[in-house]
Amino acid sequence: MYSLPFFGVTGGGQNLPIPTLYEYLETLNPPTAVPTIYEYLETLTPDESIIPSIYEYFNFTSLAININNPNKASSANPVDYVFTISRSTPRSVTTTVNYQIVNVFNTLESDFVGGMFPSGNLVFASGETTKTVTATIIGGAALGKRFAFRLLNASDSDSGLITTGDQIEVSYGEVPYFFNTVLWLDASDINTITATNNLISQWRDKSGKENDLVQATGSSQPTYSNNRVSFTSSRFLQITSKQVFANTTSGSVFFVGRQPTSSNGGWGRFGNNTTATLTPNSSGNFRESFLTNTVYTLTSIPTVPWPMPNSIVSFSNNGSQLSLWRNGVQVSSTSMTYSIPGTTHQRIGGNTADFDHQEILMFPYVLSESDRRLMEGYLANKWGLTASLPAGHPYKP
Amino acid sequence: MYLIFDTLDATQVAQAQIDSNIVAVIAANEPEIVSDRGIIPRNLGTGQLDYEAQRTTTWCEPIQYGDIWYLIKPDINHPYFEGIDLCDGVVGCVEAMELPEIIVEEDAIAPEIIDVEVTEETTNE
């Protein structure tokens, strides 16, 4: 007799050979051949006609979650998130699905209508393939937060409990708080702006790094109007007290803004070249020197409109490659050499600038694609630019 | 509009005069925002004075352009300054609508520009 054969335990003081699984099963049911899975199922269901196919057996429990609207990575309240739960195939039985929303990062019960995390049961009627659940956020403006819509378990009326573990995560609120930013200027948060007669002397950094940009000279101060800060060649903010980019060999910048007039107006200067970096010119090309010594002309494909309307623009510099995106579409990239800007080269506006900024974010590294898209989604939702995102963008409605 | 001077000294005298004129107007309307370290800004959200924020210390720093120096003529769009000549007492300058060319900043040098043609890098995501 074998004793605990699968653990290789010796019996009777002698080492016994470990049997194969098949050999072991034969010892349990000596005269009968081990049935196939299909034969076994037949023994459980007398009516052979209702035995599911292997495909049906492994798929009828399949449930998928989709979110109808994209991650509302903004501080707008209230926001409805509509989740669509789909059953893989139309079935004649009912399926009951238990769901709940759980915190992933910073989410509070008080963020939801009713003051508690939504949960409940969904019942798919015969033939029904989709159900929806709406979760309404009423809080969460202050911080970046993330929750998960989770399917806990499901049961079919004919086959009993089945288990699912599918979930989808949603980011909301001020998602830049998820990241290590070195500079975050937000014109929608006017508490971060100090001015005299609408001439701005300081735009406070929200990154926590205290990289406030300042301007003590009245004639050089940018102006504020309707959630926009307007910069010109002579009106700029700067930080000269320390380096925003230090101890790093890469970086990223995101901004939302526009060229208000038909000029070669640039957004600012965060590179060692003293010429301001430029948004599109009359040829639809960018000239850019973000974290480099040299101004590169990036041929834009497709051509970027000039003057550029309100857009989400981002650059990344990984130490050897400078890449540019506009409204979620990569426009161009080129090889270059990284260079930390000196303290006299850290400006928004100035030089040849002509730009209205709404939000500016800088990171001391290159964001992953998913994080870049999250930032694009956050900025698009916040500033009404979701229609400008390309089809298929995960944050496009 | 620019105020163009021959020397830095003359420009600095004019700068001080303009600052004095501006501070006098502000002090007549909002004396609480004037301090010896500059004009105290207000938080745009709360409207409260922010004593810790960057103060405005001058209207315009002298700017060198070739052999001349200039200031940007004060033009402040606010009711306090309507009908007030903020250049009162400023002497030794010429007013000009434009400088000959684009403003050149103190640390500006000719940029090195590289044209990079990228034809295959675009992705529509």
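Chain identifiers are assigned alphabetically (A, B, ...) following the order of the sequence lines, protein sequences preceding nucleic acid strands; residue numbering begins at 1 within each chain. Below, all heavy atoms of this structure are taken into account, side chains as well, without hydrogens, waters or symmetry copies.
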Of the backbone (N, CA, C, O) and the side chain (C-beta and beyond), which part of A/Gln221 lies under 4.5 Å from a heavy atom of chain B, both, or neither?
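The side chain, not the backbone.
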Could you tell me which portion of A/Asn198 (side chain, backbone, both or neither) has an atom closer than 4.5 angstrom to a non-hydrogen atom of chain B?
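Just its side chain gets close to chain B.
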In terms of heavy-atom proximity below 4.5 Å to chain A, should [X] be classed as side chain, backbone, both, or neither?
{"X": "B/Arg42", "value": "both"}
{"X": "B/Asn43", "value": "both"}
{"X": "B/Ile40", "value": "backbone"}

Please report the C-alpha distance between A/Trp203 and A/Val229 in whole Å, then the side-chain angles of each, then the deciding distance to 0.1 Å, and finally whether the side chain to side chain contact (heavy atoms under 4.5 Å, CB included) criterion is met.
CA-CA 10 Å; A/Trp203 197 353; A/Val229 179; 3.8 Å; yes
Will you find, in the side chains of A/Thr294 and A/Thr292, an N or O donor that is under 3.5 Å from an N or O acceptor?
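Side chains of A/Thr294 and A/Thr292: no pair found under 3.5 Å.
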Relative to the ring of A/Trp267, is the ring of A/Phe315 parallel (under 30°), tilted (30 to 60°) or perpendicular (over 60°)?
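Geometry flag for A/Trp267 against A/Phe315: parallel rings.
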Max heavy-atom pair count under 4.5 Å with chain A, selected residue of B/Pro74, B/Gly47, B/Gly38, B/Cys60
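Option with the greatest count: B/Cys60.
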Using a 6.0 Å cut-off, check whether atom CD of A/Glu210 has over 12 heavy atoms from anything other than its own residue.
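Atom CD in A/Glu210 is not crowded, with 12 or fewer foreign heavy atoms closer than 6.0 Å.
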Using a strict threshold of under 4.0 Å (side-chain N to carboxylate O), is an ion pair present between A/Asp186 and A/Lys206?
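So A/Lys206 pairs with A/Asp186 through a salt bridge.
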I'd like to know whether A/His345 forms a ring pair (Phe, Tyr, Trp, His ring centres under 6.0 Å) with A/Phe270, so could you lay out the CA-CA distance, the side-chain angles of the two residues, the decisive distance to 0.1 Å, and finally the verdict.
CA-CA 6 Å; A/His345 300 280; A/Phe270 265 78; over 10 Å; no
Quick one: of A/Asp189, A/Leu389, A/Ile190, who has the most non-hydrogen atom pairs under 4.5 Å with chain B?
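Of the options given, most contacts go to A/Ile190.
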